[in-house]
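Structure record follows, encoded as structure tokens.
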Amino acid sequence: ALGCGCVGQAVLSRGAHGGPMTVSVGFAMAVTIAVYVSGGVSGGHINPAVSLAMCVTGRLKWTKLPIYILAQLVGAFVGAAAVFGIYYDAFMEYSNGKLEVTGPNATAHIFATYPAPYLSLINGFADQVMSTAVLLLAIFAIFDTRNNSVPKGLEPIAVGLLIIVLTCSLGMNSGCAMNPARDLGPRLFTAVAGWGMEVFTAGNNWWWVPIVAPMLGGVLGAMIYIVFIEFHHSDTQPGEENDVYDKYELTNM
């Protein structure tokens with residue numbers, strides 16, 4: 001709701017009340033709040049790509065995966081519906097009562113990602129694989145207590161900053177979804193709320209890319225972190241100083 005609301009405010013005001021930077025920061029802070037809200041129950045699972053990567057690496061039971069993904073999809077669908085309800089009059093005024101997927105008065109991209117006109121499916125697939133791989137690699141680092149871990153309770157802030165840098169650096173091609181539920185849930189809402197099935201055919205049938213590519217990229221990023229970082233942690237013996245902590249202290253001197 002908060003993420004799509006940031007996009008909606010920028011689009012429906014035609015830039016008067018937001019733009020790329022407010023969308024980037026706003027969506028990132030929406031993720032931060034979501035992780036704070038759900039962290040005590042699920043650990044902050046709001047992304048199927050994260051949940052799948054956790055299952056593949058043995059950090060989450062496989063039996064929980066379908067339940068988490070269903071909850072993530074339903075939550076995203078309801079959040080999109082809330083944004084549409086709050087800004088209903090603005091939607092009607094923006095496009096003279098028409099809900100369009102493409103064209104100068106398009107509003108479907110408020111809810112789901114669509115490719116830039118120049119973007120091919122192959123390039124877009126690679127885009128989503130890379131961005132989600134970096135997302136998971138960094139998330140594993142943030143929550144790795146044997147690395148330069150974030151102080152307990154501040155992890156969602158670090159995740160939010162991570163989202164900001166990803167959207168600022170890799171968001172131009174297709175909006176940097178990195179979350180199948182965040183894309184598919186609102187897309188399903190737009191399909192039934194008046195935009196029609198064009199939401200699945202626009203952009204050369206783009207809809208499947210932000211679903212499949214992030215799942216693959218998430219697992220890839222998690223495995224890269226484990227193979228190149230986590231496997232190489234040295235065990236700290238009782239009474240020994242933490243080398244990582246010492247290095248961190250030295251950089252601050």
Side-chain angles (χ1 to χ4, degrees), residues 3 27-76 79 125 127-167 170 176-185 210-238 242-245 247-248:
F27 228 120
M29 291 303 97
V31 172
T32 296
I33 297 302
V35 175
Y36 270 123
V37 169
S38 61
V41 176
S42 70
H45 281 259
I46 58 174
N47 185 341
V50 175
S51 299
L52 176 63
M54 294 292 187
C55 287
V56 171
T57 56
R59 289 161 165 80
L60 180 70
K61 295 180 180 179
W62 283 98
T63 53
K64 291 186 176 182
L65 184 62
I67 301 172
Y68 278 22
I69 291 179
L70 178 61
Q72 291 154 359
L73 282 171
V74 172
F125 192 91
D127 172 290
Q128 285 296 287
V129 168
M130 177 178 174
S131 60
T132 314
V134 175
L135 173 69
L136 264 295
L137 186 151
I139 285 177
F140 270 52
I142 290 170
F143 289 92
D144 186 355
T145 57
R146 300 173 68 191
N147 204 329
N148 285 336
S149 60
V150 177
K152 186 173 179 59
L154 295 181
E155 297 93 343
I157 301 294
V159 173
L161 294 173
L162 169 62
I163 300 296
I164 290 175
V165 71
L166 283 169
T167 54
L170 299 174
C176 210
M178 303 181 294
N179 184 336
R182 166 264 176 279
D183 198 89
L184 180 59
I211 298 174
V212 177
M215 301 295 269
L216 176 61
V219 173
L220 177 63
M223 296 308 299
I224 288 174
Y225 184 82
I226 290 174
V227 172
F228 290 98
I229 302 295
E230 190 173 287
F231 280 169
H232 304 282
H233 286 322
S234 59
D235 292 327
T236 302
Q237 298 299 321
N242 188 315
D243 291 339
V244 173
Y245 179 77
K247 292 176 183 177
Y248 177 74

So, taking the atom named CE in Met215 and the one named CD1 in Ile69, what distance separates them when rounded to the nearest 0.5 Å?
4.5 Å
Gap between atom CD1 of Ile157 and atom CE of Met29 - 0.5 Å precision
6.0 Å
My understanding is that only residues two or more places apart in sequence, or in another chain, count here; which of them pass side-chain contact (heavy atoms from CB on, under 4.5 Å) with Phe231?
Ile226, Val227
Under the ring-ring contact (aromatic ring centres under 6.0 Å, His included) definition, can you give me all pairs with a residue in residues 127-158, not counting sequence neighbours?
none
Those residues at least two apart in sequence (or on a different chain) that pass side-chain contact (heavy atoms from CB on, under 4.5 Å) with Leu70 are Val74
When you look at Leu162 and Leu166, which way does the side-chain contact (heavy atoms from CB on, under 4.5 Å) test go after all the steps?
CA-CA 6 Å; Leu162 169 62; Leu166 283 169; 3.9 Å; yes
Once salt bridge (charged side-chain N to carboxylate O under 4.0 Å, His left out) is applied, do any residues pair with Asp127, and if so which ones, sequence neighbours excluded?
none
Residues Pro210 and Asp183: closest non-hydrogen pair is CG-OD2, 3.3 Å
Between the main-chain N or O of Ile164 and the side-chain N or O of Thr167, is there a donor-acceptor pair closer than 3.5 Å?
yes
Value rounded to 0.5 Å, distance of CD1 in Ile142 from CG in Leu136
10.5 Å
Looking only at heavy atoms, what is the nearest atom pair of Ala76 and Gly185, with distance?
CB-CA, 4.1 Å
Closest non-hydrogen atoms of Pro180 and Pro48, given as atom of the first, atom of the second and distance, are CD-CD, 4.1 Å
For a quick test of reading the model, state the closest non-hydrogen atom pair linking Tyr36 to Gly153 and the distance between them.
OH-O, 2.7 Å
4.5 Å side-chain heavy-atom contact, Met178 and Val134:
no
Quick check: closest heavy atoms across Thr132 and Gly218, and the distance to 0.1 Å?
CG2-N, 3.7 Å
Hits for side-chain contact (heavy atoms from CB on, under 4.5 Å) against Ile229, two or more places apart or cross-chain, chain-then-number order -> Asn147, Tyr225, His233
Report the residues that fulfil side-chain contact (heavy atoms from CB on, under 4.5 Å) with Ile67, sequence neighbours left out, ordered by chain and then residue number.
none
Pairs in or reaching into residues 151-164: which pass salt bridge (Lys or Arg N to Asp or Glu O under 4.0 Å), with residues at least two apart or in two chains?
none
Can you list the residues that meet the side-chain hydrogen bond (donor to acceptor under 3.5 Å, both in side chains) rule with Tyr68, with sequence neighbours excluded?
none
Sequence neighbours excluded, which residues qualify as side-chain hydrogen bond (donor to acceptor under 3.5 Å, both in side chains) partners of Thr32?
none
Which donor-acceptor pairs under 3.5 Å do the side chains of residues 50-59 make with protein atoms, sequence neighbours left out?
unit_1, atom_1, unit_2, atom_2, d
Ser51, OG, His45, ND1, 2.8
Ser51, OG, Asn47, O, 3.4
Ser51, OG, Gln72, NE2, 3.2
Thr57, OG1, Ala53, O, 2.8
Thr57, OG1, Met54, O, 3.3
Thr57, OG1, Arg59, NH1, 3.4
Arg59, NH2, Glu230, OE1, 2.5
Arg59, NH2, Glu230, OE2, 3.0

Interatomic distance, CD1@Ile163 vs OG@Ser131, rounded to 0.5 Å, equals 9.5 Å
